Amino acid sequence: MATFKSELVNTLSQRGYLHQCTDLDGLDAKAASSVITGYIGFDATADSLHIGSLVQIMLLRRLQQTGHKPIALMGGGTTKIGDPSGRDETRVLLDNTTINARIAMIQETFDHFLKFGTGKTDALVANNAEWLDKLEYIPFLRDVGRHFTINRMLTMDSVKLRLDREQPLSFLEFNYMILQGYDFVELFRRYGCTLQLGGSDQWGNIVQGVDLGRRLAKCDLYGFTTTLITTSSGSKMGKSVAGAVWLNADRLSPYDYYQFWRNTEDADVGRFMKLFTDMPLDEIARYEVLQGAEINDGKKKLALEATSLLHGVENANTAAETARKTFEEGIVGGDLPTITFSAAELAGGVSALDAMVKLAMAESKGEARRLIRGGGAKLNDAKIEDENAMIRSADIVGGSAKISAGKKRHGLIKQT
């Protein structure tokens, strides 16, 4: 049953996104009476976002689904500074060419979740380099910097945690929250944007932006945050056993993405359906009551729906069928992660350790070695006993050799 006036706040609340809001009643009233423009910023720290950013992308999707306008703000300017939030050390400084190339790659992800265009609720992409690169230092300090106090900035978690650990915080990074606050004001001036959304680690920065809008532009702005998503066992969401769960298909295949969701902990299935799929709440409720082996049906549904959103229905169905053949029928699916070696390479022998690293089953040879020692690595379903084992042409059976790490991670080795 609806408890708020607006579809937006009801949706965000019922699906589990709501954590903090600077003025929930005010936001609710505004969303019920008008179209809100809201944004989230994404820095180009890599050439792909990973699943830790997915809840933020889904926030923009929910904004558009409930009749409002989302802005994906690319941090062409702020990436040059580096957000200290949640960091133990200074980020590596990047040049313009690298940043722009990464932004181009990241923008492709948004096309799967948002509808872009010139309509009233169509999404748009902005780049804060458009205004941050043009700022003059002294005027910026006088006009914007004077509204920030060192006293308050030192209380922000992004600053306080670094100082408490006696880890260096550069003056460059210290300016990040000022630039983020200024982004909010600039987006209001350019697009009438009145809402900033983000994770709870951005709460301090968002509040500073709301306050700056009131002081600098005499406007009412709103901030909304979600909790940082963890699994029911308490681990941070965003990494698989083999490493980061990237959103770009060239960094992580649709099959591996499907498998990440398929391996969701039992207690998280319903919660993740609400956050990361478009499944209706009443349908999700039916999956939430499943117990024991039946919960696997929920995991398969979650994996299918989440993969369909990012990679499309066809790729999701293919991944699901590959998983079914691999795990239920014991058939080697052709869509498993695959690496190839020449006949000459296989004649001389390819290290099983190297193969596992290249298939992203282990982040390093050391990790692969530990898997073998622990009895968790197999070649063609036979346990690999020797950590120095070599894979040769004779191991290619039926066109490929299957290498496995544990019961759920499989890959193929083929000969060219």
Side-chain angles (χ1 to χ4, degrees), residues 22-23 37-45 71-100 103 126-199 201-223 225:
T22 55
D23 179 4
T37 299
Y39 90 98
I40 299 176
F42 301 87
D43 281 347
T45 54
I71 297 176
L73 178 65
M74 304 309 302
T78 44
T79 300
K80 298 171 187 174
I81 304 299
D83 184 0
S85 300
R87 300 282 299 182
D88 290 335
E89 57 187 20
T90 302
R91 293 186 187 275
V92 176
L93 297 182
L94 305 173
D95 58 34
N96 284 334
T97 301
T98 301
I99 291 171
N100 291 335
I103 285 175
N127 187 333
N128 61 20
E130 293 179 20
W131 53 84
L132 295 183
D133 282 359
K134 299 173 184 176
L135 291 175
E136 295 180 347
Y137 189 59
I138 297 301
F140 183 73
L141 288 180
R142 286 173 58 89
D143 297 340
V144 179
R146 65 190 178 91
H147 296 294
F148 291 78
T149 67
I150 296 296
N151 311 64
R152 187 177 183 186
M153 292 169 77
L154 288 174
T155 67
M156 298 297 163
D157 284 344
S158 59
V159 173
K160 190 172 182 295
L161 292 175
R162 189 84 70 83
L163 297 180
D164 287 346
R165 295 171 183 168
E166 297 184 354
Q167 294 162 334
L169 177 72
S170 71
F171 177 71
L172 189 68
E173 294 172 291
F174 195 59
N175 282 270
Y176 190 93
M177 68 180 74
I178 301 178
L179 297 180
Q180 184 172 332
Y182 183 72
D183 280 345
F184 202 172
V185 175
E186 191 67 27
L187 288 170
F188 169 76
R189 289 169 170 167
R190 291 177 179 234
Y191 305 108
C193 179
T194 56
L195 173 64
Q196 182 179 178
L197 306 111
D201 60 330
Q202 294 296 315
W203 176 250
N205 292 349
I206 291 174
V207 170
Q208 293 266 37
V210 170
D211 186 58
L212 184 64
R214 183 172 59 252
R215 294 171 180 270
L216 204 60
K218 311 300 181 186
C219 60
D220 292 325
L221 303 179
Y222 302 91
T225 65

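Only a predicted model underlies this, so the values are computations on that prediction, with no experimental measurement involved.
- The shortest distance between side-chain heavy atoms of Ile71 and Arg190 does not fall below 4.5 Å.
- Taken from CD1 in Ile40 to CD1 in Ile206, the straight-line distance is 8.5 Å, to the nearest 0.5 Å.
- Taking all atoms of both residues into account, the shortest heavy-atom contact from Thr78 to Gly75 is OG1-CA, 3.3 Å.
- Annotation: side chain of Tyr176 is in contact with side chain of Asn205 (closest heavy-atom distance under 4.5 Å).
- In this structure, Trp203 and Gly223 approach most closely via the heavy-atom pair CZ3-O, 4.2 Å.
- In terms of modelled atom types and a separation under 3.5 Å, the side chain of Asn127 and the main chain of Ala129 share a donor-acceptor contact.
- Using a 3.5 Å distance cut-off with no hydrogens or angles, the side chains of Gln196 and Gln202 do not pair a donor with an acceptor.
- Using a 4.5 Å heavy-atom cutoff, the side chains of Glu130 and Glu186 are not in contact.
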Query raised in the report: Would Tyr191 and Tyr39 count as a ring-ring contact (aromatic ring centres under 6.0 Å, His included) if you check the C-alpha gap in whole Å, the side-chain angles of each, and the deciding distance to 0.1 Å?
Result: CA-CA 10 Å; Tyr191 305 108; Tyr39 90 98; over 10 Å; no
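- Here the CD1-CG distance, from Ile99 to Leu94, works out to 5.0 Å after rounding to the nearest 0.5 Å.
- Side-chain contact between Tyr222 and Val210 is absent, with no heavy-atom pair separated by less than 4.5 Å.
- Heavy atoms only, all atoms of each residue included: Leu179 and Leu135 are closest at CD2-CD1, 4.5 Å.
- Pairs engaging residues 132-151 under the side chain to side chain donor-acceptor pair (under 3.5 Å) rule: Lys80-Asp133 [sequence neighbours left out].
- Counting only heavy atoms from C-beta outward, the side chains of Phe42 and Ile103 never approach each other to under 4.5 Å.
- Using a 4.5 Å cut-off on side-chain heavy atoms (C-beta onward), Thr22 and Val207 make contact.
- In terms of heavy atoms, Arg215 sits closest to Lys218 at O-NZ, 3.4 Å.
- Checked against Phe140 for a ring pair (Phe, Tyr, Trp, His ring centres under 6.0 Å), the options Tyr182, Trp131, Phe148 give a single hit: Tyr182.
- With a 4.5 Å cut-off on side-chain heavy atoms, Leu73 and Phe184 do not count as touching.
- Other residues, nucleotides and ligands contribute more than 12 heavy atoms inside 6.0 Å of the CG atom of Asn175.
- Put simply, the side chain of Leu132 reaches to within 4.5 Å of the side chain of Asp183, judged on heavy atoms.
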